[in-house]
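One structure is given here, and the rest of the page talks about it.
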There are 2 protein chains.
Amino acid sequence: MSKLPEKTIGRLSEYRRTLLNCLANGKTHVFSHDLANLHNITAVQVRRDIMLIGYSTTLKKGYDVKALIDVIGNIIDTKDGLNAAIIGIGNLGRAITAYFNGKRTRLKIAATFDTDPEKTNRVISGVKCYPISEMGRIIKEQDISIGILTVPPEDAAAVTETLIMAGIKGILNYTSTSLNVSPNVYLEEYDMITSLEKVAYFVKEKNE
Amino acid sequence: MSKLPEKTIGRLSEYRRTLLNCLANGKTHVFSHDLANLHNITAVQVRRDIMLIGYSTTLKKGYDVKALIDVIGNIIDTKDGLNAAIIGIGNLGRAITAYFNGKRTRLKIAATFDTDPEKTNRVISGVKCYPISEMGRIIKEQDISIGILTVPPEDAAAVTETLIMAGIKGILNYTSTSLNVSPNVYLEEYDMITSLEKVAYFVKEKNE
DNA sequence: TAAACATTGTTATTTAATTAACAGTGAAAT
DNA sequence: ATTTCACTGTTAATTAAATAACAATGTTTA
Ligand SMILES: NC(=O)c1ccc[n+]([C@@H]2O[C@H](COP(=O)([O-])OP(=O)(O)OC[C@H]3O[C@@H](n4cnc5c(N)ncnc54)[C@H](O)[C@@H]3O)[C@@H](O)[C@H]2O)c1
Ligand SMILES: NC(=O)c1ccc[n+]([C@@H]2O[C@H](COP(=O)([O-])OP(=O)(O)OC[C@H]3O[C@@H](n4cnc5c(N)ncnc54)[C@H](O)[C@@H]3O)[C@@H](O)[C@H]2O)c1
């Protein structure tokens, strides 16, 4: 298995979501082109991704939904799951917490952190919010390996520093500041304004 | 100029954000490697992107911050700006609206839409929320060309249909359902769970 | 001023990702 | 049964993106 392309990992996650839907609707098998249509990509891409993870079917009646879900799970999930924390439980942090809560069993938001005394030491959106000063301790105690950053942009760098000191292994950064992390920490960044500006640019392009 | 790589567009948006920061801090010039460090990429990449948009400096004291902001603006922005709408003013929709409101002059959230009568015909997070039934009319009246989808996943497809009928030109889809749109509409999709699962996968990888 | 240096712009190379091509094979049709 | 058909798996080709290489040139230092 070793080295799967980064893009493939993203698509596997999406396939699984769709497959879980199929399962819920009683579909037991799905063709590569069905999966492709549902994701706006080509059937070849789907087959190639699935080839890469080593699953294959002898039948010509499509992939076995259940089996494929399991195979993808073996790639993406860890045996015991991973814990994540939200840092900065403001508007976005609360939306994410409320959304994730109870959605994935293998990946859960175990704690949130904030500096605002109005928010700390309370349960917000179903998860306990701790003062940032306790971050190191809680991250270790609760074996949290992923940090989701939703603090104000100007605090992002400092918070990241603390997170890494506390032994965090992966960061999902939603603040509009890009971060520098040591290469043993995986960093994924997403900026909504960039996305929106991209849409705007291509809308403009198409009009010309 | 014609065809800029998609990735470059994304980075230009990010450079501009950083450049605006520089400007605010009184920096008038910035080196390619400064910009690179701030974005976790290489200086070559920065220079190449900037080459592609046709800006260059004769000085060897870095790029002129103000000038570069303008050049990027000419690429990304339209003359009169574009209007966007949020569809589904729930947790995520509200967070986005509150965040964007008053941030970009050239790109603004002009209206929001929802089905919930508790929410419609009120101002939420600073923007008027209309019932979904009026979407066609409002989109035309207010010249809205971008739709940001934050409705429940099961409603995404139907809402998209309506959006396209109303003449929307670009969609930013935050629901966890991927959409099919005609090729004259630009579609950008982002799924937080996929992002988080990607982080989880690479965290797991690194541990092995 | 001359030499050393730093920085840019651009072409060439490499790497990553996608798409095309097609052989192989089970299922359905005749 | 045999032919046709629909799908899959995989290698090869193409395209897109990132990186390296380096000439050109303004800046700083001796
Ligand atoms: N809201 C959105 O839709 C949206 C979109 C794109 C980007 N963002 C980014 O996400 C981040 C948060 O946005 P928001 O709208 O939720 O802002 P917000 O102000 O609602 O929330 C920020 C939260 O962080 C807390 N905080 C401040 N300093 C902190 C620190 N040092 N440590 C821990 N917590 C701290 C605040 O108390 C607050 O609860 C910002 O960086 C913003 O740029 C938000
Ligand atoms: N909250 C998050 O952080 C988050 C993260 C990832 C993805 N999402 C996705 O974003 C979407 C919204 O999430 P949320 O947490 O804000 O949910 P939410 O339930 O808080 O908000 C959904 C809103 O959409 C409205 N709505 C329902 N049907 C509608 C329709 N047909 N037309 C217009 N409006 C309608 C509801 O009244 C509600 O206000 C979901 O698809 C979810 O999968 C959310």
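Values below: all heavy atoms of this structure, side chains included; hydrogens, waters and symmetry mates excluded. In what follows, chains are A, B, ... by sequence order, proteins preceding strands, each numbered from 1.
Using a distance-only test at 3.5 Å, with no hydrogens or angles considered, a donor-acceptor pair links the side chain of B:K206 to the main chain of A:P183.
Each of A:I138, A:I89, A:I86 was compared with A:F113 under the side-chain contact (heavy atoms from CB on, under 4.5 Å) criterion, and only A:I138 meets it. Residue A:I132 forms a side-chain contact (heavy atoms from CB on, under 4.5 Å) with just one option from A:T162, A:D114, A:T115, and that option is A:T115.
For the pair B:L59 CG and D:dT28 C1', the interatomic distance rounds to 14 Å; values are reported in whole Å. The CD1-P distance, from A:I53 to D:dT8, rounds to 14 Å in whole Å. What separates NE2 of B:H33 from C1' of C:dG9 is a distance of 16 Å, to the nearest Å. In this structure, A:K60 places its NZ atom 14 Å from P of C:dA23, rounding to the nearest Å. Straight-line distance from the CZ atom of B:R47 to the P atom of D:dA24: 16 Å, rounded to whole Å. As rounded to whole Å, 13 Å separates atom C1' of C:dT8 from atom CG of B:L68. We find that CD1 of B:I50 is positioned 12 Å from P of C:dT10, with the value rounded to whole Å. Note: CG (B:L52) to C1' (D:dA16) measures 13 Å, nearest angstrom.
Ion pairing of A:E134 with A:R137 is present here, as a side-chain N (NZ or NE/NH1/NH2) and a carboxylate O approach within less than 4.0 Å.
Residue A:T8 is out of contact with every strand shown, counting any heavy-atom pair closer than 4.0 Å. When heavy atoms are screened at a 4.0 angstrom cut-off, B:T57 is found touching the sugar-phosphate backbone but no base atom.
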Query raised in the report: Passes side chain to side chain contact (heavy atoms under 4.5 Å, CB included), A:D64 versus A:T57? Steps please.
Result: CA-CA 8 Å; A:D64 183 299; A:T57 176; 6.0 Å; no

Query raised in the report: Does the pair A:Y63 and A:I50 meet the rule for a side chain to side chain contact (heavy atoms under 4.5 Å, CB included), with working shown?
Result: CA-CA 10 Å; A:Y63 302 107; A:I50 289 177; 3.6 Å; yes

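Residue B:S56 places at least one side-chain N or O under 4.0 Å from the OP1 or OP2 atom of C:dG9. Taking only side-chain nitrogens and oxygens, B:R11 comes nearer than 4.0 Å to OP1 or OP2 of D:dA18. Side-chain N/O atoms of A:S32 include none lying less than 4.0 angstrom from OP1 or OP2 on D:dC7. At least one side-chain nitrogen or oxygen of A:K61 sits closer than 4.0 Å to the OP1 or OP2 atom of C:dA28.
When each of B:Q45 and A:Y63 is assigned the nucleotide of DNA chain D bearing its nearest heavy atom, the one mapping closer to the 5' terminus is A:Y63.
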Query raised in the report: Given the rule that a pair is Watson-Crick or G-U wobble with both distances under 3.5 Å, how would you write DNA chain D in dot-bracket, using | for pairs to a different strand?
Result: ||||||||||||||||||||||||||||||

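When the nucleotides D:dT8, C:dT11, D:dA12 are ranked by their closest atom to the side chain of A:R48, D:dA12 comes out on top. Closest to the side chain of B:M51, out of C:dT10, C:dT7, D:dG26, is C:dT10.
Here the closest heavy-atom approach between residue B:V65 and residue B:K27 is recorded as CG2-O, 3.7 Å.
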